[in-house]
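Here is the structure we will look at, set down as structure tokens.
From a predicted model like this one, the values you see are computed outputs, not experimental measurements.
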Amino acid sequence: MKKSLLLLLFLLAGITLIGAENAKIKGDGCGVEFLKDKVFITNGSNQRLVLIGKLLYSWTRPVLTATGAEVGEDGSMKVTYRVSIKDDAKATPEQTAAITADAESIKLEALWKVEGNKITVTYTLTSPKVKPDGAMVEIVGHSGATKQPLAEGNIRPFANKTDVVQVKLPGNPKWSSTWAEHAGFKKSGDVYTSVFEFTVAPAAQ
């Protein structure tokens, strides 16, 4: 009873509980869902179409994985991340210790916004000791949505029989794999930013 009353007081006060393992924001025929450690682009029926997962440094070893989400009063959703270090059998213990120490200063947040059928995410990365050059964001199709060839230069479509998600890529569209796209971070001091834009629409019949 006390827990239920406390939760009601939080809601009436407009306070959002932080670090939730599941959160959603909705637009017109699309939405964003955070689930445990992944983010999904969804259609109007809440079907998951595209999965956005980890951010990986390409030429060094940090990996950033989502840990929680907070939905703000303005309808945006902020996702926070933790850093880990990829295994490397060729690295010495001293090298592993050095990159682990440098990675302690890395921080990443992703701010998601939905307006109509358009979704944007702004990644804000603080990485003073490790350059994120070539960093990749895990982006893969879901629910039968498959990755399509580039359209209009830097637009990456994902499509199934009912929906198309077009992703405007901020980085080099040729730096791509079956599971990831180039983050294309822009630097200002020790802070790097990258913005991906998604448009969700019904597939042509």
Side-chain angles (χ1 to χ4, degrees), residues 23-66 69 76-77 79 81 86 108-125 127 131-187 192-205:
K24 295 180 182 179
I25 55 176
K26 294 281 290 180
D28 182 11
C30 69
V32 180
E33 177 186 10
F34 173 78
L35 183 62
K36 195 174 181 180
D37 60 357
K38 298 176 179 63
V39 177
F40 294 92
I41 305 297
T42 63
N43 63 12
S45 302
N46 297 316
Q47 183 183 31
R48 297 165 185 163
L49 302 174
V50 176
L51 179 156
I52 296 91
K54 298 175 181 179
L55 185 142
L56 300 95
Y57 284 52
S58 293
W59 300 322
T60 184
R61 297 166 59 189
V63 177
L64 291 126
T65 305
S76 65
M77 183 170 71
V79 178
Y81 289 76
K86 287 183 288 189
L108 177 67
E109 290 184 349
L111 184 64
W112 291 87
K113 296 182 179 181
V114 182
E115 184 174 348
N117 72 331
K118 297 184 183 301
I119 299 167
T120 61
V121 57
T122 301
Y123 289 98
T124 302
L125 173 70
S127 188
K131 292 183 179 180
D133 299 344
M136 303 289 283
V137 178
E138 180 184 6
I139 303 180
V140 294
H142 200 272
S143 301
T146 58
K147 186 172 183 173
Q148 306 295 310
L150 284 170
E152 301 176 18
N154 66 336
I155 303 297
R156 173 71 70 190
F158 291 81
N160 60 16
K161 292 182 179 180
T162 58
D163 299 278
V164 177
V165 180
Q166 296 196 71
V167 188
K168 185 176 181 181
L169 304 174
N172 187 337
K174 295 181 180 179
W175 291 3
S176 178
S177 71
T178 57
W179 57 272
E181 301 290 347
H182 181 222
F185 279 109
K186 292 180 172 52
K187 184 180 181 183
Y192 301 79
T193 57
S194 173
V195 180
F196 285 79
E197 299 177 9
F198 303 80
T199 303
V200 182
Q205 301 297 322

**OP:** Check whether any side-chain N or O of His182 sits under 3.5 Å from a backbone N or O of Asn172 as a donor-acceptor pair, and report yes or no.
**Re:** yes
Subject >> Heavy-atom pair of closest approach, residues Asn160 and Ala203 >> reply: O-CB, 3.9 Å
**OP:** Would you confirm whether Arg156, through its side chain, and Leu169, through its main-chain N or O, come within 3.5 Å as a donor-acceptor pair?
**Re:** no
Subject >> Exercise: do Tyr192 and Thr124 side chains pair donor with acceptor under 3.5 Å >> reply: no
Subject >> Thr199-Glu197 side chain donor-acceptor pair, cut-off 3.5 Å >> reply: no
Subject >> Donor + acceptor pair across side chains of Asn43, Asp163 (<3.5 Å) >> reply: yes
Original post:
Is the number of heavy atoms from other residues, nucleotides or ligands within 6.0 Å of NZ (Lys131) greater than 12?
Top reply: no
Subject >> Residue pair Gly134 / Trp175: nearest heavy atoms and the distance that separates them >> reply: CA-CZ3, 4.1 Å
Subject >> Side-chain donor/acceptor of Arg48 to backbone N/O of His142, under 3.5 Å >> reply: no
**OP:** Please report the closest heavy-atom contact between Lys186 and Pro170, naming both atoms and the distance.
**Re:** NZ-O, 4.2 Å
Original post:
Would you say the side-chain atoms of Ser194 pair up with the backbone N or O of Ala183, donor to acceptor, closer than 3.5 Å?
Top reply: yes
Subject >> Nearest atoms (heavy-atom pairs only) where Val140 meets Thr178 >> reply: CG1-O, 4.0 Å
Subject >> Main-chain N/O of Lys113 paired with Ser76 side-chain donor or acceptor, under 3.5 Å >> reply: no
**OP:** Tell me yes or no: between the side chains of Thr42 and Lys24, is some donor less than 3.5 Å from an acceptor?
**Re:** no
Subject >> Asn117 backbone acceptor or donor facing Asp28 side chain under 3.5 Å >> reply: no
Subject >> Salt bridge flag under 4.0 Å for residues Glu181 and Lys174 >> reply: no
Subject >> Backbone of Ala66 reached by a side-chain donor or acceptor of Lys36 within 3.5 Å >> reply: no
**OP:** Could you walk me through whether Trp112 and Phe198 pass ring pair (Phe, Tyr, Trp, His ring centres under 6.0 Å), step by step?
**Re:** CA-CA 11 Å; Trp112 291 87; Phe198 303 80; 5.8 Å; yes
Subject >> Lys147 side-chain N/O to Ser177 backbone N/O, donor-acceptor pair under 3.5 Å >> reply: yes
**OP:** For the residue pair Phe158 and Val167, establish whether any side-chain heavy-atom pair is separated by less than 4.5 Å.
**Re:** yes
